[in-house]
Amino acid sequence: MIRVLLADDETIIRAGVRSILTTEEDIEVVAEATDGRQAVELARRHRPDVVLLDIRMPEMDGLAAAGELRATNPDSAVIILTTFGEDKYIERALDQGVAGFLLKASDPRDLISGVRAVASGGACLSPLVARRLMTELRRAPAPRAEASGDRTALLTKREQEVLGMLGAGMSNAQIAERLHLVEGTIKTYVSAILNQLGVRNRVQAAIIAYEAGLVNKDDLE
């Protein structure tokens, strides 16, 4: 059973997310918080596997809460619930060890698969968020883009191809289908890519993919 803590100051958002998650037999919402500080306190008490955090909350916002959770509940994976107007927070959230980003308007299947992914040690990045990320990261300073290019140059041609698709928000299953490979092979590629890049999760790898110019814009359509 995947234990989830949900934090959002809007009652209707919490109710909607809860109703989606509780339709799944392997997911349980163990607590709900109305602000970041309460989320941290409830996380200490319930030790959830996954914490869904809104960015804008009273008392303590989602980014500050994510930082607190990393210090006090390092085994709890954090997913940020975002909107199109909050792209500027993504890099700050990465610094707090966030494992994923999902739009509040995402398809319910994306929410469910995202929770399962981060609970198993992976990460999730909504394709819609990926599009916005790519737009922002095209403006990355030249030294930073060059550094990411140098890091990805150490990967094989196939690994660079997989990284580009990962950066577009594609799942292992989608990448496997595109490349006509089995999903287990893609998992092996992804693990090798994360290790060689020295990053903790797929989201951080995606940032490098954008900056290095490996993401095909057609995959974001």
Side-chain angles (χ1 to χ4, degrees), residues 1-2 4 20-21 23-27 49-50 52 75 77-82 90 93-94 97-138 145 148-221:
M1 183 67 70
I2 301 171
V4 176
I20 292 169
L21 294 179
T23 60
E24 303 301 306
E25 294 183 355
D26 61 331
I27 299 175
D49 301 301
V50 178
L52 290 169
D75 293 331
V78 174
I79 295 176
I80 292 291
L81 294 174
T82 185
I90 290 177
L94 284 174
V98 167
F101 298 89
L102 290 172
L103 288 172
K104 290 183 179 180
S106 293
D107 187 301
R109 292 170 296 183
D110 291 339
L111 175 62
I112 293 166
S113 63
V115 167
R116 287 175 176 151
V118 301
S120 62
C124 63
L125 181 64
S126 165
L128 294 175
V129 176
R131 293 190 194 110
R132 299 290 294 215
L133 259 176
M134 188 171 185
T135 299
E136 291 299 315
L137 291 171
R138 281 175 180 160
S148 291
D150 290 343
R151 293 171 75 178
T152 59
L154 300 176
L155 304 176
T156 67
K157 185 81 170 177
R158 177 65 88 184
E159 287 170 342
Q160 290 178 9
E161 191 174 14
V162 170
L163 177 59
M165 295 179 190
L166 182 157
M170 296 171 67
S171 66
N172 286 349
Q174 290 171 323
I175 297 172
E177 182 178 1
R178 171 73 65 83
L179 298 178
H180 306 291
L181 297 171
V182 297
E183 190 172 347
T185 299
I186 301 303
K187 289 181 180 178
T188 300
Y189 275 124
V190 171
S191 294
I193 290 166
L194 298 185
N195 286 334
Q196 290 186 68
L197 294 179
V199 297
R200 289 174 294 187
N201 59 50
R202 297 169 72 101
V203 179
Q204 292 172 323
I207 296 292
I208 294 173
Y210 300 138
E211 293 175 343
L214 295 179
V215 181
N216 187 333
K217 66 180 182 179
D218 292 336
D219 288 333
L220 297 171
E221 297 300 330

Can you list the steps and then say if Val162 with Leu179 is a side-chain contact (heavy atoms from CB on, under 4.5 Å)?
CA-CA 9 Å; Val162 170; Leu179 298 178; 3.9 Å; yes

Could you please spell out the steps behind the side-chain contact (heavy atoms from CB on, under 4.5 Å) verdict for Leu21 and Leu52?
CA-CA 11 Å; Leu21 294 179; Leu52 290 169; 3.8 Å; yes

How many angstroms lie between [atom1] in [X] and [atom2] in [Y], if you round to the nearest 0.5 Å?
{"X": "Leu197", "Y": "Thr152", "atom1": "CG", "atom2": "OG1", "result": "7.5 Å"}
{"X": "Ile208", "Y": "Leu155", "atom1": "CD1", "atom2": "CG", "result": "9.0 Å"}
{"X": "Glu183", "Y": "Leu181", "atom1": "CD", "atom2": "CG", "result": "11.5 Å"}
{"X": "Glu25", "Y": "Ile2", "atom1": "CD", "atom2": "CD1", "result": "12.5 Å"}
{"X": "Asn216", "Y": "Glu161", "atom1": "CG", "atom2": "CD", "result": "10.0 Å"}
{"X": "Ile193", "Y": "Gln160", "atom1": "CD1", "atom2": "CD", "result": "9.0 Å"}

Does CD in Glu177 sit with more than 12 non-hydrogen atoms of other residues, nucleotides or ligands closer than 6.0 Å?
no

Would you find a donor on one side and an acceptor on the other, under 3.5 Å apart, between the side chain of Ser191 and the backbone of Thr188?
no

Is Tyr210 reaching over with its side chain to a backbone N or O of Gly167, donor-acceptor style, under 3.5 angstrom?
yes

List the atom of Ala205, the atom of Leu163, and the distance in Å for their closest heavy-atom pair.
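Heavy atoms only, the tightest pair is O-CD1, 3.6 Å.
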
Of all heavy-atom pairs between Ala206 and Leu166, which one has the smallest distance, and what is that distance?
N-CD2, 4.0 Å

Where do Tyr189 and Ile175 land on the side-chain contact (heavy atoms from CB on, under 4.5 Å) test, with the steps shown first?
CA-CA 11 Å; Tyr189 275 124; Ile175 297 172; over 6 Å; no

Test log, rule side-chain contact (heavy atoms from CB on, under 4.5 Å), inputs Arg116 and Asp26
CA-CA 9 Å; Arg116 287 175 176 151; Asp26 61 331; 2.9 Å; yes

If you define the side chain from C-beta out and look only at heavy atoms, does anything of Ile186 sit under 4.5 Å from Met170?
no

